[in-house]
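I have placed the structure first, in the form of structure tokens, so that the comments after it can refer back to it.
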4 protein chains.
Amino acid sequence: MRTIDPVKHEEKRAEILEAAERCFARDGFHGATIAQICAEAKISAGHLYHYFASKEAIVSAIVDAGVEGAASRFAELTESSNAITALVSELARLRALHRKSGAGVHLDVLAEAGRSPAIGAVIQESSKGVRRLLADLLRKGQSRGQIDPDLDADMAAAVLISVNDGSKSLLIRDPKLDAKRSAKAFEAMITRFLSPR
Amino acid sequence: MRTIDPVKHEEKRAEILEAAERCFARDGFHGATIAQICAEAKISAGHLYHYFASKEAIVSAIVDAGVEGAASRFAELTESSNAITALVSELARLRALHRKSGAGVHLDVLAEAGRSPAIGAVIQESSKGVRRLLADLLRKGQSRGQIDPDLDADMAAAVLISVNDGSKSLLIRDPKLDAKRSAKAFEAMITRFLSPR
Amino acid sequence: MRTIDPVKHEEKRAEILEAAERCFARDGFHGATIAQICAEAKISAGHLYHYFASKEAIVSAIVDAGVEGAASRFAELTESSNAITALVSELARLRALHRKSGAGVHLDVLAEAGRSPAIGAVIQESSKGVRRLLADLLRKGQSRGQIDPDLDADMAAAVLISVNDGSKSLLIRDPKLDAKRSAKAFEAMITRFLSPR
Amino acid sequence: MRTIDPVKHEEKRAEILEAAERCFARDGFHGATIAQICAEAKISAGHLYHYFASKEAIVSAIVDAGVEGAASRFAELTESSNAITALVSELARLRALHRKSGAGVHLDVLAEAGRSPAIGAVIQESSKGVRRLLADLLRKGQSRGQIDPDLDADMAAAVLISVNDGSKSLLIRDPKLDAKRSAKAFEAMITRFLSPR
DNA sequence: CATGAATGAGCTTTCATTCAT
DNA sequence: CATGAATGAAAGCTCATTCAT
């Protein structure tokens with residue numbers, strides 16, 4: 001009975017996930033092929049299916065991992081003294097992140113979620129989680145008097161998430177866009193949106 | 001003895017474009033097939049290539065057509081007495097439009113533009129045009145005292161376009177989202193962003 | 001508007017069907033591959049799908065063609081003066097046929113029909129037709145006093161079809177089986193089964 | 001220090017065989033996978049290969065086991081006072097058996113035997129054994145005056161086996177076939193075939 | 001202008017089998 | 001004895017594009 005380490009299994013899974021992430025970032029959900037992902041992860045084509053049931057399942061896993069990341073970051077944000085500046089810089093951080101790794105996947109996955117019920121469900125579940133966390137954050141800001149108490153926290157959270165989604169298009173529409181000036185404009189919008197009047 | 005009627009040619013082109021738009025909206029850029037588009041346009045597969053050199057060329061043409069539409073709408077907006085409410089309602093109109101026809105293509109095309117240089121170039125050209133029009137609109141609002149004169153009009157235009165892009169994700173992330181409440185949140189954000197202080 | 005001959009289309013379809021039949025006979029339903037069939041029919045892999053929607057659809061078409069053949073042969077049998085000898089020799093003819101072309105497909109398709117609803121439906125429909133034809137034949141024999149009037153014509157037809165199915169196993173179970181002696185045994189069984197007492 | 005217990009080994013082999021039989025009955029020879037069989041037998045994929053050299057070897061073993069079963073049943077039949085009714089009810093028993101467990105495998109294996117030399121050899125060997133047993137039974141009936149002495153016992157045995165094979169197709173061709181009426185038709189055919197004139 | 005037959009590379013996925021542990 | 005990770009060939013099928021008619 002030599003049942004082998006489930007830890008190793010998880011590690012391999014994570015390796016494949018990282019490989020897939022790189023491929024999706026480079027070529028998009030449809031552009032990236034299983035063969036590429038396997039090559040990147042240095043496993044055989046067939047073996048990938050010991051870890052993931054389908055290409056879609058890989059995307060699901062990536063998205064799921066994203067929620068957990070968001071949760072931990074939001075937990076930190078709650079600690080910060082100024083809710084708005086914290087949020088503004090978090091959004092800036094996300095923009096910078098995608099400036100490096102390519103925003104394609106993010107939009108690709110969203111578009112795919114609009115069509116594939118499987119991925120759609122994953123995205124909706126994930127969004128619900130993130131939105132709740134973000135709304136809590138906003139409400140905390142409201143109770144501290146840092147954020148306009150008249151705002152509908154839940155909807156403001158949804159809008160902020162969509163603003164983040166939209167920011168993925170900035171560099172696609174203008175790759176030479178001045179980072180500082182655009183950051184300033186975003187900051188202005190968010191700050192004015194959330195500040196008490 | 002067969003003279004080419006350039007008018008008829010353009011009409012056919014437009015018909016195909018509309019058919020393609022319906023297909024892309026339904027199934028996305030990758031999901032829609034040439035065969036589907038041909039069926040929808042009621043022409044043969046081979047014949048489509050008399051009008052468009054490739055699938056990408058169809059997308060390019062659709063995007064190009066989008067700029068012209070935006071131009072004429074913005075021209076109308078310039079006439080309106082209140083620049084901000086006009087803008088807010090235009091953005092609301094676009095959201096409503098996509099609520100019906102599916103936002104998938106919009107995001108799909110953006111994602112594709114991030115990868116394919118061909119489509120990327122088209123999107124960038126188109127974005128430049130729309131952004132200039134929008135920035136002009138904003139500057140006009142500033143000169144009339146309706147919009148905060150301290151705003152960087154050019155960047156604000158870029159941000160507003162990206163806000164519009166992001167709004168495509170709203171219903172994907174939560175298909176049951178309350179339309180009125182979310183519209184109100186958007187309105188608040190745009191209004192506060194642009195209003196003189 | 002050069003709509004091309006639907007006749008040519010049918011001819012090509014028939015060619016592919018014949019090629020497929022050869023492949024199925026050689027390697028069975030699962031053993032034969034689309035690639036083999038295409039090679040045998042001298043067309044490309046993709047082109048086959050202009051004529052048949054799937055591998056299963058090819059089997060369906062083959063089975064359907066079989067019913068038509070059976071119908072025309074049964075029509076001839078009705079003319080013959082002695083119903084029983086006619087039937088006996090028809091069954092012998094079918095055994096001889098499969099002695100040449102391999103009985104594998106026949107059993108393969110039946111087995112597949114027991115599992116795949118798609119093929120099952122085709123086989124059931126086809127069987128219904130053949131059985132009705134055969135039962136009519138038997139009833140005609142009964143009215144002429146050549147066949148035992150006490151027999152349940154419909155069930156006898158079903159049993160005879162199953163006897164034919166079973167005869168496909170004869171050579172598989174013993175490739176060296178003496179053809180004449182086994183034919184005689186079959187003849188005895190059928191004759192005694194159907195003859196008036 | 002680890003001595004192999006040949007009894008345990010045989011028990012495990014039998015367990016796997018039963019599991020495989022269930023899988024083959026459900027999904028056919030090609031449809032059933034090694035993974036399924038292993039799951040059903042609650043062993044690992046690799047371990048199965050300690051007991052059977054290949055998927056074909058499993059089929060061989062199942063077929064072999066079938067002969068032994070037939071031998072013991074035929075031994076009982078020899079005891080019965082009326083050879084024909086005993087045979088008729090044995091065939092009915094086999095039909096009823098397959099009505100429950102699915103006849104697919106039987107036909108599947110026969111079809112496979114027509115192609116694979118390995119399985120073909122096993123089936124031929126097994127058939128030879130069963131046929132000899134059955135022929136002996138018939139000859140015993142002849143010597144007792146219960147069966148037509150003019151019949152070629154050996155060929156009659158072959159034909160009866162093929163009738164049994166063919167009966168597997170009855171329900172596939174018509175799943176709603178009336179069991180009693182069809183049983184009666186079979187009974188009539190067998191009885192008239194074998195009875196002295 | 002217009003058709004649709006034809007291509008062929010490429011896709012995701014499956015699965016019997018092997019082997020290090 | 002026993003596991004399950006790993007392989008890799010091959011399967012069915014799709015689709016943008018070309019071309020003879």
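Protein chains get the first letters and strands the later ones, always in sequence-line order, with residue 1 at the start of each. Values reported hereafter were calculated over all heavy atoms of this structure, with side chains retained and with hydrogens, waters and symmetry mates removed. Bear in mind the structure is a predicted one, so any value in this text is a computation, not a measurement.
- Both A:T33 and C:I43 lie near DNA chain E, and the one whose nearest nucleotide falls closer to the 5' end is C:I43.
- Atom pair B:F52:CZ and F:dT17:P shows a separation of 13 Å (rounding to whole Å applied).
- What you find for D:K55 and D:F29 is that their closest heavy atoms are NZ-O, 2.9 Å.
- Between B:Y49 and A:L48, the residue anchored closer to the 5' end of DNA chain F is A:L48, taking for each the nucleotide with the nearest heavy atom.
- Taking atom P on both nucleotides, E:dC1 is separated from F:dT21 by 22 Å, rounded to a whole Å.
- One can place NE2 of C:H30 at 10 Å from P of E:dC15, the figure rounded to the nearest angstrom.
- By the 4.0 Å N-to-carboxylate-O rule, D:E15 lies close enough to D:K12 to be salt-bridged with it.
- With distances taken from any side-chain atom of A:H47 to the nucleotides E:dT3, F:dA16, F:dA6, the minimum falls on F:dA6.
- Counting to the nearest Å, the C1' atom of F:dT3 and the NZ atom of D:K42 are 17 Å from each other.
- Of the listed nucleotides (E:dT3, F:dA6, F:dT14), F:dA6 has the atom at the smallest distance from the side chain of A:K12.
- In this structure, the separation between CZ on A:R115 and CG on A:L110 is 11.0 Å, given to the nearest 0.5 Å.
- Nucleic acid contact class of A:I34 (heavy atoms, under 4.0 Å, all strands): base.
- Between the NE2 atom of A:H50 and the P atom of E:dT17 there is a distance of 15 Å, rounded to whole Å.
- Going from atom NZ of A:K8 over to atom C1' of F:dG4 covers 12 Å, rounded to whole Å.
- Look at CD1 on C:I37: it is 11 Å from P on F:dA11, rounded to the nearest Å.
- To the nearest 0.5 Å, atom CZ of residue A:R22 and atom CZ of residue A:R26 are 8.5 Å apart.
- Summarising the base pairing, E:dA20 is matched to F:dT3 through a Watson-Crick or G-U wobble pair whose two defining distances lie under 3.5 Å.
- Under the Watson-Crick and G-U wobble criteria, each requiring two contacts below 3.5 Å, nucleotide F:dC15 is paired to E:dG8.
- Rounded to an integer number of Å, the gap from B:E11 CD to E:dC1 C1' is 15 Å.
- With distances taken from any side-chain atom of D:S44 to the nucleotides F:dG4, F:dT7, E:dT17, the minimum falls on F:dG4.
- Rounded to whole Å, atom C1' of F:dT14 lies 13 Å from atom NZ of A:K55.
- Closest to the side chain of B:Y51, out of F:dC13, E:dA2, E:dT7, is E:dA2.
- If you take CD on B:E125 and OG on B:S60, they are separated by 11.5 Å, rounding to the nearest 0.5 Å.
- Among the atoms of the strands shown, none is found under 4.0 Å from any heavy atom of A:A53.
- Take the nearest nucleotide of DNA chain F for B:G31 and for A:A45: the residue whose nucleotide is more 5' is A:A45.
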